[in-house]
Amino acid sequence: MTASEIRALFAVASRPEVVSLAGGMPYLAALPLDSLARDVHDLIAEQGQVALQYGSAQGIEALREQICEVMRLEGIQGHPDDIVCTVGSQSGLDLVTRVFCDPGDVILAESPSYVGALGTFASFQTEVVHVGMDDQGLQPEALRQAISAVRQQGKRIKFLYTIPNFQNPGGVTLAVSRRAEILEICRGADIMVLEDNPYGLLGFDGQAYPALRSMDADNVVYLGSFSKTFAPGLRVGWALAPHGVREKLTLAAESATLCPPAFNQMIISRYLAEHDWMGQIKTYRECYRERRDAMLSALDELMPAGCTWTRPDGGFYVWLTVPEGMDTKAMLPRAVTARVAFVPGTAFYGSPLGGEERHRQMRLSFCYPTPDRIREGVHRLSGVFEAELDLMQTFGTGGRSNTGGPQSPSPDLA
Ligand code: PMP
């Protein structure tokens with residue numbers, strides 16, 4: 001495990017004068033906090049002795065039944081017995097890797113991929129092989145080639161890790177027309193699929209895509225989370241897995257935490273039973289759509305020629321590529337001095353095999369700052385880019401930092 005080299009910078013970036021386009025923090029001001037406060041009070045008053053007691057390693061049954069309802073929105077027919085509640089989907093990633101992987105095993109992942117998962121995979125000494133994406137998500141042909149290249153080297157592939165919807169950090173979605181093909185390739189090659197789907201219900205047109213798990217119940221382990229659709233502070237997520245895998249995950253969960261917090265699960269269960277949770281998701285979606293629009297229109301207006309970026313239709317992130325010769329990690333201190341923060345592209349690759357373009361990439365998140373702050377942040381960023389381009393014209397090159405690899409997750413990298 002390695003400490004994030006950019007952690008110290010993010011301590012500065014969290015100052016109020018800095019517009020942080022770095023963190024993936026949900027906009028919790030959109031929650032009905034007063035009525036949630038009453039729920040917390042009532043839960044302690046009415047069921048305190050259960051809520052504050054140890055619970056089962058698998059999670060409370062009432063919540064697991066409600067989770068099945070949530071997953072039905074994405075076409076999943078799951079059974080509560082096949083669900084394990086986890087401490088956020090981050091601990092789901094840890095449990096699955098713990099159960100399946102030995103040091104040296106290969107995990108296939110999108111290029112780029114979620115920094116927190118890469119940190120987990122690295123902590124189990126696995127090797128990540130990145131598979132190319134385009135604006136339709138993971139490329140089936142690149143997946144075929146990666147599988148045969150890894151196997152030619154005599155290495156063992158344990159699973160494909162994928163974030164099919166509104167990917168973190170890429171902001172792209174796996175086309176529905178590609179989903180069956182990706183699943184078929186993995187089934188044919190005897191490779192399990194680990195589907196990580198915290199953003200699936202945050203599509204801006206209100207449409208949920210069919211989950212990979214809805215198309216293949218036997219070969220997909222599905223990870224869900226209440227972090228983005230409700231609140232990350234409660235740390236409640238879940239894994240839905242074929243029965244034999246579910247048993248192993250429960251054993252692993254027992255040794256990791258004994259049980260996920262009963263109190264937090266019961267708060268969420270009450271929230272799902274008594275609040276208009278679908279209405280809340282709609283509120284979040286509308287809030288994030290407005291912020292996405294603010295970011296895209298500011299980028300359209302202000303970015304210098306040669307920059308390109310994705311146009312997400314859900315989730316939290318835009319993935320931006322700067323012109324040849326510029327280096328986003330080297331630029332970050334200058335950006336923070338100009339009071340704007342982002343996450344450099346190198347954080348989202350598990351190995352230097354991410355390709356040279358990783359130095360020219362960055363993740364911008366639009367979930368937390370208001371639309372006005374987003375516009376201001378993009379304005380400041382464009383100033384940093386212009387200054388960098390001027391320097392390059394004068395001296396022929398931008399600053400290149402030579403470090404890369406996964407950062408350990410911190411709230412700024414979520
Ligand atoms: N997976 C992805 C793709 C994420 O973006 C995140 C949070 N940023 C997580 C997993 C972890 O979420 P949590 O542990 O809060 O459920």
Side-chain angles (χ1 to χ4, degrees), residues 4 10 20-28 59 63 67 70-71 83-97 107 109-121 123 128 130 133 137-138 159-174 193-203 209 211-213 221-240 249 253 256-257 260-261 264-265 268 284 288 312 314-319 343 347-350 363-368 406-414:
S4 165
F10 281 130
S20 178
L21 305 176
M25 294 185 304
Y27 187 65
L28 299 188
L63 180 61
I67 286 171
V70 174
M71 291 192 297
I83 291 173
V84 189
C85 292
T86 57
V87 184
S89 53
Q90 190 67 37
S91 87
L93 289 165
D94 183 277
L95 297 178
V96 172
T97 316
I107 296 171
E110 282 133 1
S111 179
S113 186
Y114 166 52
V115 59
L118 297 175
T120 299
F121 300 156
S123 75
V128 171
H130 290 284
M133 284 197 295
L138 201 64
F159 53 80
L160 166 69
Y161 168 66
T162 176
I163 308 154
N165 302 314
F166 323 121
Q167 204 242 12
N168 180 4
V172 294
T173 292
L174 180 62
V193 176
L194 178 57
E195 176 177 25
D196 188 10
N197 190 27
Y199 306 97
L201 297 179
L202 294 177
Y209 294 96
L212 296 175
R213 169 57 176 72
V221 172
Y222 176 95
L223 299 181
S225 174
F226 289 105
S227 287
K228 316 293 176 175
T229 51
F230 182 34
L234 289 166
R235 312 303 302 127
V236 178
W238 69 93
L240 171 69
L249 292 178
T257 54
N264 301 22
Q265 292 173 70
I268 291 194
Y284 271 140
Y288 298 137
F316 287 4
Y317 310 106
V318 166
W319 185 243
V343 185
F348 303 96
Y349 294 93
R363 189 190 75 179
L364 300 176
S365 52
F366 50 80
C367 46
Y368 195 72
Q407 316 290 343
S408 64
S410 74
D412 295 294
L413 299 174

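Order of listing sets the numbers, starting from 1, for every ligand and every atom in it. We number each residue from 1, following the sequence as shown.
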Legend entry - Residue portion contacting ligand 1 (non-hydrogen atoms closer than 4.0 Å) for Pro198: side chain
Side-chain heavy atoms of [X] within contact of [Y], under 4.5 Å:
X	Y	value
Phe366	Leu21	no
Val128	Tyr349	no
Pro169	Val343	no
Asp196	Ser89	yes

Inset, instruction - Identify, with sequence neighbours excluded, every residue that meets side chain to side chain donor-acceptor pair (under 3.5 Å) alongside Asp94. - result: Arg98
Legend entry - By side chain to side chain donor-acceptor pair (under 3.5 Å) - contacts of Thr97 (at least two apart): none
Legend entry - Shortest reach to atom 16 (O) of ligand 1 by a heavy atom, considering only Gly23, Gly237, Ser225, Gly233: Ser225
Legend entry - Contact with ligand 1 for Tyr199, non-hydrogen, under 4.0 angstrom: yes
Legend entry - Gln167 to ligand 1, any heavy atom closer than 4.0 Å: no
Counting each atom of ligand 1 from 1 as listed, which ones have a heavy atom of [X] under 4.0 Å away?
X	result
Lys228	7 (C), 8 (N)
Asp196	1 (N), 2 (C), 3 (C), 10 (C)
Arg235	13 (P), 14 (O), 15 (O)
Ser227	13 (P), 15 (O), 16 (O)

Inset, instruction - For atom OH of Tyr284, decide whether the heavy atoms of other residues, nucleotides or ligands shown that lie under 6.0 angstrom number more than 12. - result: yes
Inset, instruction - Compute the shortest N/O to N/O distance between Ser91 and ligand 1 and return yes if it is under 3.5 Å, no if not. - result: no
